[in-house]
2 protein chains.
Amino acid sequence: MSETAASGPDRQPIWSRPERGSRGPAPAHSRDAIVVAAINLADTEGLAAVSMRAVAAALGTGAGSLYRYLSSRDDLLDLMTDRAVGELRPYPQVEGDWLETMVLLGRRQLALFGAHPWLLDVIHRPSGIGPQSLAWFDNCIRILEPVRCPVAAKFETIAMMTGVVSLFARRESAAGAFSFAGVDLAAYPHLVAAFSQPSGPAPRADLVERTLRSLLTGLLLGEPTDAG
Amino acid sequence: MSETAASGPDRQPIWSRPERGSRGPAPAHSRDAIVVAAINLADTEGLAAVSMRAVAAALGTGAGSLYRYLSSRDDLLDLMTDRAVGELRPYPQVEGDWLETMVLLGRRQLALFGAHPWLLDVIHRPSGIGPQSLAWFDNCIRILEPVRCPVAAKFETIAMMTGVVSLFARRESAAGAFSFAGVDLAAYPHLVAAFSQPSGPAPRADLVERTLRSLLTGLLLGEPTDAG
DNA sequence: TGTAAACCGCAAACGCCGTTCGCGATTTGT
DNA sequence: ACAAATCGCGAACGGCGTTTGCGGTTTACA
C-alpha cells in the first residue's frame with residue numbers, strides 16, 4: 001500500500017510537492033522536460049493536442065508514466081502557464097513613471113500571448129498561482145508603489161490589465177473570423193447599412209497602449225476622464 | 001445511403017439547416033427543447049455537465065438521438081449561446097445619449113453573465129454568429145449611429161466592451177479564489193509588504209460603469225484622457 | 001550487510017466522452 | 001401502393017484522463 005509522491009489524494013499543490021523521493025531508481029524524465037514537451041506541443045498544434053498520451057509519446061513513454069511526475073493534467077497546465085509567464089523576465093527596472101512601465105509590461109504580455117496562444121485558454125481557470133506568476137505580481141506591485149491608493153485596487157487593476165491584454169491578443173489571433181454564413185442579413189438593417197458604408201481607414205495605431213493608459217489611470221487615479 | 005438532415009458532412013451552419021424534413025414520423029423532441037435542457041444543465045451543474053449523454057438523459061432519450069436535431073456538440077453550444085443572448089431583449093429605445101445607453105447595455109450583459117456563468121467559457125470560441133447575437137450587434141450599431149467614426153472602430157469597441165464586461169463577470173464569479181498554497185511567500189517582498197499594509201476600504205462602487213465609460217469614449221472619440 | 005520499504009517504467013484496464021452506424025418502425029410524396 | 005426519407009434506439013468505435021498491478025531497481029536503516 002505504498003503512496004507515491006505524485007498520485008494519491010492530492011494532498012498538496014504541485015508547487016510544493018517534491019519532484020522525486022530518495023528511494024527508487026533515477027527517473028528517466030523530469031517535470032520540466034515534460035512541461036517543455038507539452039508547451040512545444042501546444043505552441044505547434046494547439047492546446048487540444050496536449051493530451052497525456054501525446055505528451056508522453058513526445059517523450060517516448062506511456063501516458064501513465066507521467067503520473068510519476070504530476071498528479072493530473074490540470075497540474076500540467078498550471079506548470080505550463082507558470083513556465084510561460086517566466087518568459088516575461090527579466091523585468092524592467094523602474095526608470096520613468098509607473099504608467100509607462102506598466103504599459104511596457106502590458107506590451108510584453110501581449111507578445112507572450114502571441115508566442116503562446118494557448119495561454120488564452122488556460123489563464124482563466126481557477127488554479128493555484130505559481131512562483132513565476134507571483135514574481136510577476138510582485139513586480140507590478142513594486143512598480144505601482146508610488147501610486148497612492150488601496151492595495152485591493154492595485155490588484156484589481158493588474159488583473160484587469162492582464163484581462164484587457166488577453167482580449168486584444170484574442171482579437172489579433174482570431175483576426176475577424178466572423179462568419180455570417182447561414183443567416184439572413186436582411187433582418188438587421190443597421191448592420192447592412194454600416195457595412196455598405198465606405199468604412200474609413202483602420203484606426204489601428206497604438207490602440208492597445210491608448211486603451212491600457214486610459215484603463216490604468218481610470219482604475220488607479222479616481223477619474224481623470226469625464227467626457228459627459 | 002440516405003443522408004439525414006443533421007448528420008453528414010456538415011454542409012451548412014446550424015442556423016440555416018431546417019429542423020426537420022417532411023417525410024418521416026414526427027420528432028419526439030425539438031431543437032429548442034434540447035437547447036433549453038442543456039442550458040438548465042449548464043446553469044445548475046456547470047458547462048462540464050453538459051454532455052450529450054446528460055442532455056439526452058434529461059430529455060429521456062439516448063445520446064445518439066440528439067444527432068437527429070444537431071450535428072455536433074459545438075452546434076449545441078452555439079445554440080445555447082444564441083438563446084442566452086436573446087435574453088438581453090427587449091433592447092432599450094435610444095432616449096438619452098449613446099454613451100449612457102451603451103453603459104446600460106453593458107450592465108445588462110453583466111447580469112446575463114451572472115445568470116449564465118457558462119457563457120464565459122463559451123463566447124470566446126470561434127463559431128458562427130446566431131440571429132440573436134446579430135440582433136444585439138445590430139442594436140449596438142444603431143445606438144452608435146450618432147458617433148462619427150469608422151465602422152470598424154465601432155465593431156471593435158462593441159467586442160471590447162463585451163470582453164471587458166466578461167472580465168468583470170469573471171472577477172465576480174471567481175471572487176478572489178487566489179490560493180497562495182504551496183509557495184514560499186518570502187521570495188516576494190513587495191507582495192507581503194502590500195498585504196501587511198492596512199488596505200483601505202474597497203473602492204468598489206460603480207467600477208464597471210466607470211471603466212466602460214472610459215473605454216467607450218477612449219475607443220470611439222479619439223483620446224479625451226491624456227493624464228501624462 | 002541484509003532486508004524491507006519506497007520508487008521507477010510500463011501496459012492494461014476503467015469509465016467517461018463525442019460521434020457513427022445499422023436496425024425496425026413510421027410517415028410522406030408521387 | 002410503394003419507395004424514399006426520417007424517426008428513436010442501442011451498440012459500437014476511438015480517444016480521453018486516470019488508476020492499478022506488476023517486475024525490477026535503488027535507497028534507508030537495523
Side-chain angles (χ1 to χ4, degrees), chain A residues 1-10 14 17-31 33-34 38 41-42 45-80 122 125 127, chain B residues 1-10 14 17-31 33-34 37-38 41-42 45-80 125 127:
Chain A
M1 213 58 69
S2 75
E3 288 236 332
T4 57
S7 74
D10 254 84
I14 185 72
R17 187 138 15 94
E19 181 153 358
R20 59 160 304 195
S22 55
R23 277 312 165 95
H29 315 282
S30 77
R31 210 177 261 174
I34 295 174
L41 218 55
E45 307 185 41
L47 190 63
V50 181
S51 69
M52 300 302 269
R53 284 172 173 83
V55 173
L59 271 70
T61 179
S65 302
L66 298 187
Y67 289 83
R68 295 279 175 198
Y69 303 87
L70 358 124
S71 56
S72 70
R73 183 174 184 265
D74 275 334
D75 268 358
L76 177 57
L77 297 184
D78 287 347
L79 290 168
M80 290 169 65
V122 146
R125 287 168 327 135
S127 71
Chain B
M1 215 61 63
S2 74
E3 287 235 331
T4 57
S7 73
D10 252 86
I14 185 74
R17 186 138 14 94
E19 179 154 0
R20 61 159 304 198
S22 57
R23 280 306 168 95
H29 314 282
S30 76
R31 212 177 259 174
I34 295 175
L41 217 55
E45 306 185 44
L47 190 64
V50 182
S51 68
M52 301 302 269
R53 284 172 172 84
V55 173
L59 269 71
T61 179
S65 302
L66 299 187
Y67 289 84
R68 296 279 176 196
Y69 304 88
L70 357 125
S71 56
S72 70
R73 184 174 183 265
D74 275 334
D75 269 357
L76 178 57
L77 297 183
D78 287 347
L79 290 168
M80 291 169 65
R125 282 168 331 132
S127 71

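Chain letters run A, B, ... following the sequence lines, proteins first and then strands; every chain starts at 1.
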For this session: Return the value, rounded to whole Å, for the distance between atom CG of B:Leu70 and atom P of C:dT19.
Result: 10 Å
Problem set entry | Close side-chain approach of A:Arg31 and A:Leu79, heavy atoms under 4.5 Å | yes
Exercise. Should B:Ser22 be listed as having a side-chain N or O under 4.0 Å from OP1 or OP2 of C:dT28?
Worked result: no
Exercise. To the nearest 0.5 Å, how far apart are CG in A:Asp75 and CG in A:Leu70?
Worked result: 6.5 Å
Exercise. Are B:Arg73 and B:Leu66 close enough that some pair of their side-chain heavy atoms sits under 4.5 Å apart?
Worked result: no
Exercise. Can you check the A:Asp75 CG to D:dG17 P distance for me, whole Å?
Worked result: 14 Å
Exercise. In whole Å, what is the span from the CG atom of B:Leu66 to the P atom of C:dT19?
Worked result: 11 Å
Problem set entry | B:Ala63 backbone acceptor or donor facing B:Arg53 side chain under 3.5 Å | no
For this session: Quick one: label B:Ser65 by what it contacts on the DNA or RNA (base, sugar-phosphate, nothing), any heavy atom closer than 4.0 Å.
Result: base
For this session: Can you see which heavy atom on B:Arg17 is nearest to which on B:Ser71, and at what distance?
Result: NH2-OG, 3.5 Å
For this session: Could you tell me whether the side chain of A:Tyr69 and the main chain of A:Ile34 form a donor-acceptor pair under 3.5 Å?
Result: no
Problem set entry | Side-chain heavy atoms of A:Leu47 within contact of A:Leu77, under 4.5 Å | yes
Tabulate protein N/O versus nucleotide N/O from nucleotides 1-5 of chain C, keeping only pairs under 3.5 Å, one per line.
from, atom 1, to, atom 2, distance (Å)
C:dA5, N3, A:Arg23, NH1, 3.3

Exercise. What's the OH-C1' distance between A:Tyr69 and D:dG17, to the nearest Å?
Worked result: 19 Å
Problem set entry | From D:dC7, C:dG18, D:dG17, nucleotide with atom closest to B:Met52 side chain | C:dG18
For this session: Please state how far atom CZ in B:Arg68 lies from atom P in C:dC23, giving the value in whole angstrom units.
Result: 14 Å
For this session: Map A:Ala48 and A:Pro25 onto DNA chain D by nearest heavy atom, then report which one ends up closer to the 5' terminus.
Result: A:Ala48
Problem set entry | Comparing B:Arg73 and B:Ala26 on DNA chain C - which has the more 5′ nearest nucleotide | B:Arg73
Seminar exercise, completed: Residues in residues 53-62 of chain A with a heavy atom under 4.0 Å of DNA chain C, by number, are A:Arg53, A:Thr61
Problem set entry | Atom-pair distance (CD1 on B:Ile34; P on C:dG18), nearest Å | 14 Å
Seminar exercise, completed: Here the distance between atom P of C:dA13 and atom OH of A:Tyr67, to the nearest Å, is 18 Å
Problem set entry | Rounded distance (nearest 0.5 Å) linking atom OG of A:Ser127 with atom CD1 of A:Ile14 | 12.0 Å
